[in-house]
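What follows is one structure encoded as structure tokens, with my remarks underneath.
All ligand and atom numbering here is 1-based and tracks the order in the structure.
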Amino acid sequence: MSDAPLVLAVPSKGRLQENASAFFARAGLPLTRTRGTRDYRGTLAGVPEVEVLFLSAAEVVAQLASGGAHLGVTGEDLLREGVPDADATVQIVTGLGFGHANVVVAVPQAWIDVRTMSDLDEVASDMRSRHGRRLLVATKYLNLTRRFFGEHGIADYRIVESLGATEAAPANGVADLIVDITTTGATLAANGLKVVDDGLILRSEANLMASLAAPWGEGARRSARQLLARIAAEELARTTREIRATLAGGAAMAESIGRQFGATLPDGTENRAETVLRCPSGQVFDVVEALMAAGAANVTVRTLDYVFEPANPLADRLFARLPADAAADHVVSIGRSF
Ligand SMILES: Nc1ncnc2c1ncn2[C@@H]1O[C@H](COP(=O)(O)OP(=O)(O)OP(=O)(O)O)[C@@H](O)[C@H]1O
Ligand SMILES: O=P(O)(O)OC[C@H]1O[C@H](OP(=O)(O)OP(=O)(O)O)[C@H](O)[C@@H]1O
Ligand SMILES: [Mg+2]
């Protein structure tokens, strides 16, 4: 048991699925379903001894919380909604840069006087005292809604659980307002709804997450280290550019190395040494301009596939929260992360 393989849970459908499999492929970890697309298990081509589970985005959360999966990809909204004390059970390893969505409170545009949560509180009280009924909020985010409304001191409301097409609830007379996710805002607008000014409950994106409740035996840790090293190397590469330039001096060495591989030095670089620099992608043109000003020639910029560093910060951060002794597997570390 303590050497059970690493279980990785990924979305099997919906908008996160495609992005998640592209992400693992970029990290040199292509996901393969063992038998056709109807199979809900698979493997990671790059790392043996990893079991892949293809699940719905919400089911990924459930498996992380129960310890049925060691690692998983899903939206932070589903984690915060689905797991009461999420930070004690699940560690967010890294954001993945896709699946962006905001969980928001939205009301009919026709409510011109309602701009803030405190305006909404007044509407709720009025409705209770004048019409003897509570404000109805349609949502599938029951827990996020209760927490957020509670923080704003709103108590006179009732949740109408919605399992789809939540935005239509006010027009259909099923609810007065909604809590749902929005990305472009198109669906809200199409349904005549507007976001309350201070009604942003959560900014969500897809994350790689780790379960602190899973049986982290030696094998699982070894696999996690490999996975996280590649994921970190891909992430760093994606945000880094390599700049090469020739500056006066030291070409002899470059030439002799180049000769070994059939490479040649471009004309005019005989008396120059090539300098290789790496910088954050946002800085690249500043560095180029500085190099040019210093007389550099043959300045090229390239993207990289992977940048491996000796340290493995993603794994270190995770392992810092797991019991040091693999024999103490099922112990969950509760409390602050380092
Ligand atoms: N515009 C969007 N609409 C819905 N989900 C989005 C959007 N953008 C990002 N997401 C994220 O995708 C996740 C939901 O994914 P998905 O729709 O695949 O699962 P699901 O809602 O459980 O499945 P289904 O909608 O088929 O019942 C959530 O974390 C959500 O925040
Ligand atoms: O702000 P927007 O860009 O308009 O996107 C947000 C909408 O997209 C999703 O619905 P989806 O079409 O995926 O249907 P679903 O409710 O079945 O997930 C989500 O539930 C919102 O309704
Ligand atoms: Mg969906």
Could you tell me which atoms of ligand 1, counted from 1 in the order shown, lie closer than 4.0 angstrom to a heavy atom of [X]?
{"X": "A57", "result": "15 (O), 19 (O)"}
{"X": "G75", "result": "29 (O)"}
{"X": "A101", "result": "8 (N), 9 (C), 31 (O)"}
{"X": "G14", "result": "18 (O)"}
{"X": "H100", "result": "8 (N), 9 (C)"}
{"X": "K140", "result": "21 (O)"}

Could a heavy atom of G99 be found less than 4.0 Å from some atom of ligand 1? yes

Closer than 4.0 Å to some heavy atom of A186 - which atoms of ligand 2 meet that? 1 (O), 4 (O)

Quick note on ligand 2: atoms under 4.0 Å from a heavy atom of E167 include exactly 21 (C), 22 (O)

Hey, can you tell me if H70 and W216 have their rings parallel, tilted or perpendicular (30° and 60° cut-offs)? perpendicular

Would the distance check show the side chain of T32 and the main-chain N or O of T43 forming a donor-acceptor pair, the cut-off being under 3.5 Å? yes

Can you name the residues that form a side-chain hydrogen bond (donor to acceptor under 3.5 Å, both in side chains) with S281, not counting sequence neighbours? none

Gap between atom OG of S223 and atom CG of L8 - 0.5 Å precision: 10.5 Å

Applying the 4.5 Å side-chain criterion to the ILVMFWY set and letting contacts propagate, would V73 and V61 be lumped into a single cluster? no

Please determine if G164 has a nitrogen or oxygen closer than 3.5 Å to a nitrogen or oxygen of ligand 2. no

Taking the cut-offs as 6.0 angstrom to the six-membered ring centre and 45 degrees off its axis, would you call R230 and Y306 a cation-pi pair? no

For ligand 1, note which part of R15 has a heavy atom under 4.0 Å away: side chain, backbone, both or neither. both

For ligand 1, does T74 get within less than 4.0 Å through its side chain, its backbone, both, or neither, judged by non-hydrogen atoms? neither

Is the shortest distance from a Lys or Arg side-chain nitrogen in E161 or K140 to a carboxylate oxygen in the other one below 4.0 Å? no

Can an N or O of T183 be found at a distance shorter than 3.5 Å from an N or O of ligand 1? yes

When only distance counts, is D77 in polar contact with ligand 1, meaning an N/O pair under 3.5 Å? yes

Sorted by first residue and then second, give each ring-ring contact (aromatic ring centres under 6.0 Å, His included) pair with at least one member in residues 86-137; sequence neighbours left out. none

Kindly identify the option in L188, T184, N102, N191 whose heavy atom sits closest to atom 3 (O) of ligand 2. T184

Candidate with minimal heavy-atom separation from atom 1 (O) of ligand 2, of T183, L163, D180: T183

Does a side chain donor of either R238 or T240 reach within less than 3.5 Å of an acceptor in the other side chain? no

Side chains of Y141 and D77: any donor to acceptor distance under 3.5 Å? yes

